[in-house]
Structures are given as structure tokens and as C-alpha cells.
Protein chains: 2
Amino acid sequence: MVVRQDGPDTMDDAEVDRIFQALADATRRDVVVRVMREGESVTALARRYAMSFAAVQRHVAVLERAGLVRKERHGREQIVRGDVTTVRAATRLLEEYEEIWRGRVTRMETLLAEPEGEVP
Amino acid sequence: MVVRQDGPDTMDDAEVDRIFQALADATRRDVVVRVMREGESVTALARRYAMSFAAVQRHVAVLERAGLVRKERHGREQIVRGDVTTVRAATRLLEEYEEIWRGRVTRMETLLAEPEGEVP
DNA sequence: GTAACGTACAACAACATGGTTGTACGTCAG
DNA sequence: CTGACGTACAACCATGTTGTTGTACGTTAC
């Protein structure tokens with residue numbers, strides 16, 4: 001997740017894509033839940049699932065690219081920890097959708113100012 | 001989204017997969033935002049994006065399978081409207097992740113009761 | 001009735017995803 | 001030093017996704 005000048009937690013489309021894409025898999029969501037509670041090494045995580053180590057390692061890589069987890073090296077182990085700020089950013093985005101529905105438009109208003117604009 | 005006996009808004013993995021998968025595309029998120037504010041026909045939506053009608057129609061179908069939008073037929077037009085309850089369900093799920101991080105474990109506790117359990 | 005409109009879907013190509021196995025390499029234990 | 005451990009990544013395959021065009025069919029306007 002990148003914090004930019006135009007807001008405290010604005011993300012571009014590609015970042016949001018990666019976050020939701022990463023969350024669109026049950027194994028990855030399970031990993032997030034576990035490491036959100038307490039860090040765990042990649043190997044320890046891999047033991048939990050009925051798939052190869054390489055598969056789990058790649059799931060972790062997907063979560064890392066999305067910013068949902070971070071890895072911290074401790075000797076030969078890589079400790080995976082959940083990054084709550086990215087989860088919060090995603091939550092906020094969905095909360096904005098709810099607010100639009102409610103009629104209370106937030107900064108999304110700017111995006112929708114041009115009712116006939118064409119978006120590529 | 002299916003409401004089951006074990007909770008007021010519990011979803012199975014496949015449903016959550018579909019929701020986040022649907023949200024993992026900028027065009028689809030834009031459609032959600034627009035129809036959350038006000039219903040719009042599929043053709044009207046299609047005019048907004050630089051892609052074929054068929055492509056937009058399929059994006060809407062993905063959103064519909066995920067339960068994020070519903071279609072309502074009016075004559076020969078199909079009016080697409082956002083379904084806020086599904087957005088709320090996704091928001092709640094992410095909020096639970098934040099709560100786990102905070103150390104306040106909710107019903108997720110059951111899922112993590114077995115610290116050495118293997119999940120397929 | 002007929003033409004235009006709005007929608008749906010099939011078939012196709014290009015690319016992404018999610019699993020596998022195998023290899024490589026740094027780190028720790030003995 | 002050497003073997004075992006933990007990690008990373010490439011190659012490969014099956015499947016799914018996202019765009020395209022073309023066709024079909026019900027509904028509305030005239």
C-alpha cells in the first residue's frame with residue numbers, strides 16, 4: 001500500500017486489485033487470520049495445509065505483494081505477520097461503498113461528479 | 001449470500017471467494033459504486049467503459065453471482081442495482097480480521113481453537 | 001408487422017492462477 | 001566441515017479470467 005499526497009490512505013486501482021485478489025482465496029484468508037493473531041514461519045504455515053510447501057510459499061508471496069502480510073527474517077526462518085493497516089484500508093473502501101448507498105457521499109463524490117464521463 | 005442457521009450472516013468459502021474476486025477488478029468496482037448510488041441499465045453502464053457491451057455485461061454477471069448487485073427487469077431493460085447487504089457482509093469479515101489483530105477474538109475463535117489442526 | 005433496441009450467450013484467443021516437482025542456496029547444528 | 005533445515009524460484013500443466021466478435025431472441029416504437 002502506498003500513501004500519497006492526495007490523502008492519508010488512497011490506493012490506486014492496481015493496489016486495490018491485488019488486495020481483493022489476495023483475499024479471494026480461502027487458504028490465503030486463513031493464513032491472514034492466523035498471522036494476524038501471531039506471527040508464524042512459512043514452514044510452520046505450510047504444515048497446516050494439505051498442499052505442497054511451494055504452494056503455500058506462493059500464497060504468502062501473493063499476500064505480501066498485496067501488503068496484507070510482511071515477512072521478518074529471523075536467522076533461517078522467515079516470520080510472517082499480518083499487516084492490519086492494509087486490512088483497514090480495504091475495510092474503509094467497503095465502508096465508503098456503504099456510505100454511497102446510504103446517500104452520504106464522501107470523497108467518492110469527486111469520482112462521480114461527471115455523470116456521463118467515459119472510463120477506460 | 002446465504003444466511004444459515006449458525007449465524008446471522010455467515011458465508012461459506014466459495015461465497016466469500018466470489019465476493020472478493022468480483023471486487024478485484026477496477027471496472028467492476030466502478031460499476032458497484034455507480035449502481036450503489038442509483039440503478040442503471042446494462043446498456044447505460046456499457047456506454048461508460050471503453051470495452052464491448054458483452055464485456056460489461058459479463059462484469060455485471062460476475063457481480064451478480066457474487067451478490068453485489070441485483071438486476072430488475074423493466075420492459076426490455078435490465079436495471080442493475082447495488083446490494084448493500086453483501087458489501088456489509090464483506091466489511092464485517094474484514095472488521096473481524098482487524099479485531100483478531102487487536103486481540104479481541106470473536107467467533108473466529110472457534111476456527112482457531114485447534115492450533116495444530118490441518119486444513120485442506 | 002417490422003425495424004430497432006436491449007440483453008444473453010457461445011466460441012475463441014491471450015493471459016493469469018493455482019497446483020505440482022525439482023533445483024539452488026544460505027543458515028544452523030553437531 | 002557437513003548434513004539437515006528453511007526458503008525461494010523455475011518449469012510445467014490444468015483451469016479460469018477477460019477481452020473479442022457473432023448470433024439469437026424477446027420487447028418496444030411506429
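Everything numeric in this text was worked out from a predicted model, so none of it was measured. What's counted below: heavy atoms across the whole structure, side chains too, no hydrogens, waters or symmetry copies.
Between B:D17 atom CG and D:dG16 atom P there is a gap of 13 Å when expressed in whole angstrom units. Atom pair A:F53:CZ and D:dC5:P shows a separation of 13 Å (rounding to whole Å applied). Straight-line distance from the CD atom of B:Q57 to the P atom of C:dT7: 9 Å, rounded to whole Å. Between A:H74 atom NE2 and D:dT7 atom P there is a gap of 12 Å when expressed in whole angstrom units. The distance from atom CD of A:Q78 to atom P of D:dC5 is 19 Å, rounded to the nearest whole Å. Nucleotide D:dC5 holds its C1' atom 10 Å from the CZ atom of A:R47, rounded to whole Å.
Taking only side-chain nitrogens and oxygens, A:K71 never comes nearer than 4.0 Å to OP1 or OP2 of D:dT7.
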Which nucleotides of nucleotides 11-19 of chain C have their base under 4.0 Å from a protein heavy atom (B), which only their sugar-phosphate (S), and which neither (-), written as one string 5' to 3'? -------BB
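Side-chain contact annotation: A:E77 with A:T43, donor-acceptor N/O pair under 3.5 Å absent. The closest side-chain donor-acceptor pair between B:Q57 and B:H59, if any, does not fall under 3.5 angstrom.
Nearest heavy atom pair, residue A:Y97 against residue B:V32, reads CD1-CG1, 4.1 Å. Minimum interatomic distance between B:E72 and B:H74 (heavy atoms only, all atoms of both residues): OE2-NE2, 3.2 Å. When all heavy atoms of B:A90 and B:I19 are compared, the closest pair comes out as CB-CG2, 4.0 Å.
Closest to the side chain of A:A54, from the set C:dA8, D:dC9, D:dG22, is D:dC9. Nearest nucleotide to the A:E77 side chain, out of C:dC5, D:dT7, C:dA29: D:dT7.
Each end of the helix from C:dG1-D:dC30 to C:dG30-D:dC1 gets its own axis, taken as the rotation carrying the C1' atoms of four end pairs onto the next four within a five-pair window, and the two axes meet at 30° to the nearest 10 degrees.
Annotation: of the two residues near DNA chain D, B:R76 and A:I79, the 5′-most nearest-nucleotide partner is A:I79.
With respect to B:R34 and B:D30, a salt bridge is recorded, a charged nitrogen being found less than 4.0 Å from a carboxylate O. Checked for salt-bridge contact, B:R81 and B:E38 miss the test: no charged N lies under 4.0 Å from a carboxylate O.
To the nearest 0.5 Å, atoms CZ (A:R73) and NZ (A:K71) are separated by 8.5 Å.
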Run A:R70 and A:E64 through salt bridge (charged side-chain N to carboxylate O under 4.0 Å, His left out) and show every step you take. CA-CA 6 Å; A:R70 306 184 63 209; A:E64 194 181 20; over 6 Å; no
